[in-house]
Amino acid sequence: MNDAHARIFAAIAAIPRGRVASYGAIAARAGLPGRARLVGRALGEVPDGMELPWYRVLRSSGQIAFPPGSRGFREQSKRLKAEGVDVRNGRVPMSAFGLDADLDRALWGMPG
DNA sequence: GTAATGACGCGCC
DNA sequence: CGGCGCGCCATTA
């Protein structure tokens, strides 16, 4: 655990229920533009017991990052569907559920 | 030290 | 829509 991870977790925790965000967007919100991979790394080190909506983080394409059919893949799609997110073929329509620039600013209170 | 490996992203073709 | 290449960076071998 370090400062970068802490900010990444904070950014993920800020994703509203029923919505999703990309790794790149999380990295940017954490003050780490271009470090999308670091977000993926941080998610692999989330402490057990820590409450974090990790399943709301997707690739910029809306695709679930886990290999199709894997444990994480099924778990993520299950949780997303459970809160009303449309998951089809391992992918979520970002245009409908993703946080675009305006919504981002409105929900996360940061200037564009 | 170099090389490979990811819960990634973007531009190009 | 699919494939490639390159950038990114912490870890691991």
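This structure is a prediction, so every number in the text was calculated from the model and none was measured. In what follows, chains are A, B, ... by sequence order, proteins preceding strands, each numbered from 1.
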Give a yes or no on whether Arg7(A) atom CZ has more than 12 heavy-atom contacts from other residues, nucleotides or ligands under 6.0 Å away. yes
In terms of side-chain heavy atoms of Arg91(A), which of dC1(C), dC10(B), dA7(B) is nearest? dC1(C)
Which heavy atom in Ser60(A) sits nearest to a heavy atom in Ser22(A), and how many Å separate them? CA-CB, 3.7 Å
What nucleotide among dA10(C), dC8(C), dA7(B) has an atom nearest to a side-chain atom of Phe66(A)? dA7(B)
What is the distance, rounded to the nearest whole Å, between atom OH of Tyr23(A) and atom C1' of dG6(B)? 11 Å
Which nucleotide in dG9(B), dC8(C), dT11(C) has an atom nearest any side-chain atom of Arg41(A): dT11(C)
Between Arg29(A) (side chain only) and Ala27(A) (backbone N and O only), is there a donor and an acceptor less than 3.5 Å apart? no
Hey, does the side chain of Arg59(A) come within less than 4.0 Å of dG6(B)'s phosphate (OP1/OP2), counting only N and O? no
Candidate nucleotides dG9(B), dA10(C), dA7(B), ranked by approach to the side chain of Ala36(A) - the nearest: dG9(B)
Assign each of Pro33(A) and Glu45(A) the nucleotide of DNA chain C bearing its closest heavy atom; nearer the 5' end lies the nucleotide of Pro33(A)
Can you check whether Ser61(A) has a side-chain N or O nearer than 4.0 Å to OP1 or OP2 of dG9(B)? no
Check every atom of dC10(B), dA7(B), dG6(B) against the side chain of Arg37(A) and return the nucleotide holding the closest atom. dG6(B)
Return the value, rounded to whole Å, for the distance between atom NE2 of His5(A) and atom P of dC9(C). 14 Å
Complement of dC8(C), any strand, by Watson-Crick or G-U distances under 3.5 angstrom: none
side-chain N/O Arg35(A) vs dC9(C) OP1/OP2, d < 4.0 Å: yes
Neighbour count >12 (heavy atoms, 6.0 Å) for atom CD, Glu51(A): no
